[in-house]
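Reviewing the structure listed below.
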Protein chains: 2
Amino acid sequence: MTSVPKLTDHTGYWMRMVSNAVSQEFARKVSGEDVTVAEWSFMRSLYDSEPTPPSVLAKKMAMTKGAISKLAERLMAKGLVEKTESQEDRRAHNLSLTTEGRAKIPVLASLADQNDADFFGVLTKEEHETLDRIMRVLAEKRDLKATPVD
Amino acid sequence: MTSVPKLTDHTGYWMRMVSNAVSQEFARKVSGEDVTVAEWSFMRSLYDSEPTPPSVLAKKMAMTKGAISKLAERLMAKGLVEKTESQEDRRAHNLSLTTEGRAKIPVLASLADQNDADFFGVLTKEEHETLDRIMRVLAEKRDLKATPVD
DNA sequence: TTGATTTAGTTTCCTAGTCAACAAGGAACT
DNA sequence: AGTTCCTTGTTGACTAGGAAACTAAATCAA
């Protein structure tokens, strides 16, 4: 018998399901701070290297510059990010967190910690470590460096 | 020192990254058959239980009925799915694969196999089995039953 | 220095979802 | 039967992102 494999026969299927659930739950958590997952990712990336041009953020987050442009605009509208014109290059500008934006970082980070704990806390320490290691191996093999967002 | 955890400190981060890469690569593969990942998932779900009402598909795929309605319309436009009116309930109808749609299933399924192999083939057999098991445990704990799509 | 090419960022159009409002049929209660 | 409530599916408004066209500025080449 040559039966067609089921959706559930693939590891990718389960990973997508779990990953989506993790993201959705995290989205729910951060929505209390009036922020989306993409916005958190943007802000956390910025936190490491302010001020930073949009083009660098785009690379870091593996998003198009168009998407970054719109994301930055939303964050500026919320007063969490600000733009400063570049001196050297009149096309360019740099993005930074506002005081308000920076103040949110530890709050959001602790929600991220909490989310990981909520999902992976059911695993044994060893299982969790194994999972983490395998994910990093897979990312490494594919040369995945960016911050995924959706 | 109370430093803020990095994005990369969370297992969820790596999982989202790997999962997105798996999905994107699969999307690329099935696009050659002029089908999206959501469409594949829809068709494969249907394959198990034709004919089936949209409402059941929505549950199975964890999508809103609105999304299913539009997805079904796209698939009908492509001639891969067809609709038959229900006899008992004049609001309802059932969805089935067309002959053409059914013929695509084994092709797409083998692309799914290929995709899993491409990504997880770099792991040892034991690692792959462990990963698969952990994913199923996590899905089980959260009572995740549906077919994720994006 | 001027013309061509490259780069930075924005904007427009498209896709694919959610959510909420809706129409219409069915079911249940009186 | 009539009223109310529930269920089925569709639609429209909205959101978030990608792709590509576009603008303006910088760089490079002759």
Side-chain angles (χ1 to χ4, degrees), chain A residues 16-17 20-21 23-28 30-31 34-42 46 51-78 81-95 146-150, chain B residues 16-17 20-21 23-28 30-31 34-43 51-78 81-95 146-150:
Chain A
R16 202 160 76 245
M17 181 149 60
N20 284 350
S23 290
Q24 278 166 34
E25 171 57 22
F26 185 52
R28 200 192 59 72
V30 295
S31 74
D34 199 30
V35 154
T36 68
V37 177
E39 287 165 3
W40 152 247
S41 181
F42 186 108
L46 206 47
T52 268
S55 50
V56 173
L57 263 302
K59 281 238 167 95
K60 234 177 156 177
M61 300 180 61
M63 291 174 69
T64 61
K65 47 201 185 132
I68 294 294
S69 188
K70 294 164 196 166
L71 194 41
E73 203 198 327
R74 294 199 293 272
L75 283 163
M76 289 189 290
K78 289 186 185 177
V81 161
E82 62 195 355
K83 180 194 288 191
T84 53
E85 301 305 321
S86 163
Q87 297 305 100
E88 314 89 51
D89 188 334
R90 281 193 296 142
R91 292 168 304 182
H93 57 252
N94 289 296
L95 298 165
T147 305
V149 130
D150 56 332
Chain B
R16 202 160 76 245
M17 180 148 60
N20 285 350
S23 289
Q24 278 166 34
E25 171 57 23
F26 185 51
R28 201 192 59 73
V30 295
S31 73
D34 199 31
V35 156
T36 67
V37 176
E39 287 165 3
W40 152 247
S41 181
F42 186 108
M43 291 169 70
T52 267
S55 49
V56 173
L57 264 304
K59 282 237 167 97
K60 234 177 156 177
M61 300 180 62
M63 291 173 71
T64 61
K65 47 202 183 129
I68 293 295
S69 188
K70 292 164 191 168
L71 193 41
E73 203 198 328
R74 295 198 294 272
L75 282 163
M76 289 189 291
K78 289 187 185 176
V81 160
E82 62 195 355
K83 179 194 288 191
T84 53
E85 301 305 320
S86 163
Q87 296 306 101
E88 314 88 50
D89 188 334
R90 281 192 297 139
R91 290 167 305 182
H93 58 250
N94 290 295
L95 298 165
T147 305
V149 130
D150 57 332

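These numbers come from a predicted model, not from an experiment.
Of all the heavy atoms in A/V81 and A/M76, the pair that sits closest is O-CG, 3.3 Å. Minimum heavy-atom separation, A/F42 to A/L95: CZ-CD1, 3.8 Å. In this structure, B/E85 and B/A92 approach most closely via the heavy-atom pair OE1-O, 3.9 Å.
Atom C1' of nucleotide D/dA19 and atom CZ of B/R28 are separated by 18 Å, given to the nearest angstrom. Rounded to a whole Å, the CD1 atom of B/I68 is 11 Å from the P atom of D/dT10. With rounding to whole Å, B/R74 atom CZ is found 13 Å from D/dT10 atom P. B/M63 places its CE atom 15 Å from the C1' atom of D/dT10, with the value rounded to the nearest Å. Spacing between atom CG of A/L71 and atom P of C/dT11 amounts to 15 Å, rounded to whole angstrom units. As a whole-Å value, the separation of B/E85 CD from D/dT8 P is 15 Å. Whole-Å rounding puts the B/K78 NZ to C/dT15 C1' distance at 11 Å.
Residues B/H93 and B/P51 have side chains not in contact (no heavy-atom distance under 4.5 Å, counting atoms from C-beta outward).
For the pair B/T64 and C/dT18, the criterion of a side-chain N or O lying under 4.0 Å from OP1 or OP2 is met. Contact check, B/K59 against D/dT8: no side-chain N or O comes under 4.0 Å of OP1 or OP2. In terms of phosphate contacts, B/R90 brings no side-chain nitrogen or oxygen within less than 4.0 Å of OP1 or OP2 of D/dT7.
Formation of a donor-acceptor pair under 3.5 Å by the B/S41 side chain with backbone atoms of B/A38 is not found in this model. Checking side-chain atoms of A/K78 against main-chain N and O of A/D34 turns up a donor-acceptor pair under 3.5 Å.
The end-to-end axis angle of the helix from C/dT1-D/dA30 to C/dT30-D/dA1, rounded to 10 degrees and based on five pairs per end, is 0°.
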Pairwise N/O distances under 3.5 Å, protein to nucleotides 6-8 of chain C:
residue, atom, partner, partner atom, Å
C/dT7, O2, A/R91, NH1, 2.2

Polar atom pairs between nucleotides 12-14 of chain C and protein, under 3.5 Å, N or O only, would you list them?
residue, atom, partner, partner atom, Å
C/dT12, O4, A/K70, NZ, 3.2

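Between A/E88 and B/A72, the residue anchored closer to the 5' end of DNA chain D is B/A72, taking for each the nucleotide with the nearest heavy atom.
Picking from C/dG17, C/dT11, D/dA16 the nucleotide with the shortest atom distance to the side chain of A/S69 gives C/dT11.
Annotation: salt bridge (charged side-chain N to carboxylate O under 4.0 Å, His left out) contacts involving residues 64-75 of chain B, sequence neighbours excluded, comprise B/E39-B/R74.
Annotation: side chain to side chain contact (heavy atoms under 4.5 Å, CB included) contacts of A/T52 (sequence neighbours excluded): A/L46, A/S49, A/V56, A/L57. The salt bridge (charged side-chain N to carboxylate O under 4.0 Å, His left out) test applied to A/R90 returns no partner, not counting sequence neighbours.
To the nearest 0.5 Å, atoms CG (A/N94) and CD (A/Q87) are separated by 9.5 Å. Expressed to the nearest 0.5 Å, how far CG of B/L71 lies from CE of B/M43 amounts to 10.5 Å. Rounding to the nearest 0.5 Å gives a distance of 7.0 Å between OG1 of A/T36 and CG of A/L75.
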